[in-house]
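Bear in mind that the values here come from a model prediction, so they are computed numbers and not experimental data.
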Amino acid sequence: MKDNQVRQQAKTKRNNYYSNDNKRSYNKNNYQARGRRPMPRRKPSSVKIIPLGGLGQIGMNITAFECNNQILIVDCGLAFPDEDMLGIDLVIPDITYLKDNASKIRGLVITHGHEDHIGALPYVLKEVNAPIYSTKLTLALISNKLKEHNLTKTTKLKEVKHGQVINLGDFAIEFIKTNHSIQDASALAIYSPAGIVVHTGDFKVDYTPVFGDAIDLQRFAEIGRKGVLALMCDSTNAERTGFTMSERSVGHVFDNLFNEYKTNRIIIATFASNVDRVQQIINTAYRFGRKVAVEGRSMVNVITTAAELGYLRVPDQTLIEIDQVKNYPDEQLVLITTGSQGESMAALSRMAANIHKKITIKPNDAIIFSSHPIPGNEKAVSKVINELSMKGAKVIFQDAHVSGHACQEEIKLIYSLVKPKYAIPVHGEYRHLTAQKLVAEELGYSKDNIFILKSGNVLEIDENSAAVTGSVHTGAILVDGLGVGDVGNIVLRDRQHLSEDGIMIVVMTLERHSNVVLAGPD
């Protein structure tokens, strides 16, 4: 009994000694066992944020997060070629850094299904194979791409629901519901040993979305209360004041346009991935008793996938094949087509150039551009509009579109909810990033805590400091047909000369030994 009492008294003493009043002496960083050297103080973890594309440009979004020798990749997009990139189909990011550190990669996390966020996946996965995590519609669109490149068997696709948290090594990633011009868009809360980084993805605040729920502002606020190390926020519309209009407002515009052009055939060009826009066109067409035909390969693929998954609801006997258009009078038809950005091989551009096999533009046509030109595409869009106007068609390109990106007041709202220590504007040209910097400064953020990065910069942050500590190799790889990276500046320069000056070839036949001209010169 005495032994038990002694042991109990000793235990009580230990508990009292290591109580809150004496915690400092028990702290594992300060505690020194008798006869041993002091334990070294552990350096706090830092996280490296390395944008490999998407900054200072529209498109090609891809960012690496590195902590404790583990890498998480967010998004993997392409960019469309500039006017001077003759013959180039796509531009994808140079991922030399990821190839050199392939053993550290834990996974790819995708925010939404737009080409500038998923388009480079088939090319990158051939170099760096990693599991892909995203929401239902996004994964379905990715799966379609992987099928074209025969990568479905070698790539793991993991579906994640909004509110769910996945663990990838030392990273935990929470998917947060947002609104954008494609459904199933997500923001990410990235939990790392250094702290929480919130990545908004492409977003806007839409309280009345066409499909699904509104953005989960409550969750942003809850994460903000935990203490957020950094916010990476969409900058695309940071120059615009006020709020972005709800997608639902476009439906009222369509009602008015359909009412105005009752006797015309209506052709609407929009982004293939804007499923909500397509839904509203179908809804309006159904109310006005019109049949809907869809043209453009990407448009058909997205609509088919969205309808199969239940993201698009099409009334019975509303959709018809493009071959059936000739069987209906103009006032009973609506065509939804690709080509709103003036792409040379898109369906609307081919119609405008009289090289479309099934649709010919008529003077009675009303053609609606339900999009704004992406910066850099203005000239191509203007060319298509002019060609359509020359054929006598009525072209409408105002007020039939709302953006999928947040304006200044929505950006302020996210900052106010998340309350980050550091601000990192992302997604956009330099002027867009600078515009968000000014918004953050208006909210009271110090210039020292706002970082406008370039692709390749290595931003290292922890709870005490943040600094650009280096850079990694980045760049653009040009895709020309089946060739990836085999077209460089010299080839583009030669193509530029050919496009401007042409080429002259002289043909003549000489006798081998005497060099007597036998035929030509031609």
Test log, rule side chain to side chain contact (heavy atoms under 4.5 Å, CB included), inputs Tyr97 and Ile50: CA-CA 10 Å; Tyr97 180 75; Ile50 311 170; 3.7 Å; yes
Stepwise side chain to side chain contact (heavy atoms under 4.5 Å, CB included) test for Phe254 and Val250: CA-CA 6 Å; Phe254 284 140; Val250 182; 3.5 Å; yes
Worked check of side chain to side chain contact (heavy atoms under 4.5 Å, CB included) between Ile267 and Thr337: CA-CA 7 Å; Ile267 300 173; Thr337 179; 3.8 Å; yes
Verdict with reasoning, Asn274 to Ser181, per side chain to side chain donor-acceptor pair (under 3.5 Å): CA-CA 5 Å; Asn274 197 336; Ser181 54; 4.7 Å; no
Pair Gln183-Asp276, side chain to side chain contact (heavy atoms under 4.5 Å, CB included): steps then yes or no: CA-CA 7 Å; Gln183 291 153 17; Asp276 285 348; 2.2 Å; yes
Stepwise ring-ring contact (aromatic ring centres under 6.0 Å, His included) test for His117 and His427: CA-CA 11 Å; His117 293 258; His427 198 284; 5.5 Å; yes
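Look at Arg287 and Asp255 and you find a salt bridge, because one of the NZ, NE, NH1 or NH2 atoms lies within 4.0 Å of a carboxylate O, short of that distance. Ion pair Arg297/Glu148 flagged as a salt bridge, since at least one NZ, NE, NH1 or NH2 atom sits closer than 4.0 Å to an Asp/Glu carboxylate oxygen.
Residues Arg248 and Pro209 have side chains not in contact (no heavy-atom distance under 4.5 Å, counting atoms from C-beta outward). Between Leu108 and Ile73 there is a side-chain heavy-atom pair separated by less than 4.5 Å. Considering only heavy atoms from C-beta on, Leu168 comes within 4.5 Å of Val109 through its side chain. With contacts defined as side-chain heavy-atom distances shorter than 4.5 Å, the pair Tyr191/Ile173 does not qualify. When side chains are defined from C-beta on, Val402 counts as touching Arg277, because their heavy atoms get closer than 4.5 Å. Side chains of Leu312 and Ile303 form a contact here, defined as non-hydrogen atoms less than 4.5 Å apart. Between Ile58 and His432, the closest side-chain pair of non-hydrogen atoms falls below 4.5 Å. In this structure, Asn259 and Leu257 have side chains that are not in contact, with every pair of non-hydrogen atoms separated by 4.5 Å or more.
Taking the side chain to side chain donor-acceptor pair (under 3.5 Å) definition, one finds that Ser403 meets it with Asn237, sequence neighbours left out. Lys145 pairs by the side-chain contact (heavy atoms from CB on, under 4.5 Å) definition with Glu115, Ile118, Pro122, not counting sequence neighbours.
Distance alone, capped at 3.5 Å, places no donor-acceptor pair between the Thr474 side chain and the Leu52 backbone. With Asn61 contributing its side chain and Asp116 its backbone, the two residues share a donor-acceptor pair below 3.5 Å. With hydrogens and angles ignored, the 3.5 Å screen pairs no side-chain donor or acceptor of Gln436 with any backbone N or O of Ile424. Remark: side-chain polar atoms of Glu410 are paired, donor with acceptor, to backbone N or O of Thr244 under 3.5 angstrom. The closest donor-acceptor contact from the side chain of Ser370 to the backbone of Ala400 lies under 3.5 Å. Between the side chain of Glu442 and the backbone N or O of Ala440, no donor-acceptor pair lies under 3.5 Å. Without hydrogens or angle criteria, Asn68 side chain to Gln70 main chain gives no donor-acceptor distance under 3.5 Å. At least one donor-acceptor pair under 3.5 Å links the side chain of Asn179 to the backbone N or O of Asp206.
Donor-acceptor pairing under 3.5 Å is lacking for the side chains of Glu239 and Gln408.
Counted within 6.0 Å of NZ on Lys412, heavy atoms from surrounding residues, nucleotides or ligands total more than 12; the atom is thus considered enclosed. No more than 12 heavy atoms of other residues, nucleotides or ligands lie within 6.0 Å of CZ in Phe397, so this atom counts as exposed by the packing criterion. The 12-atom threshold is exceeded at CZ of Arg431, counting heavy atoms of other residues, nucleotides or ligands nearer than 6.0 Å. The neighbour count for Lys126 NZ, taken as heavy atoms of other residues, nucleotides or ligands under 6.0 Å away, is above 12.
Note: His401 and Phe369 fail the aromatic proximity criterion, with ring centroids not under 6.0 Å apart. Residues Tyr133 and Phe175 keep their aromatic ring centres 6.0 Å or farther apart.
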Show me the donor-acceptor pairs, under 3.5 Å and distance only, between side chains in residues 220-233 and residues at least two apart or in other chains.
residue : atom : partner : partner atom : Å
Glu222  : OE1  : Arg219  : NH1          : 2.9
Glu222  : OE2  : Gln218  : NE2          : 3.0

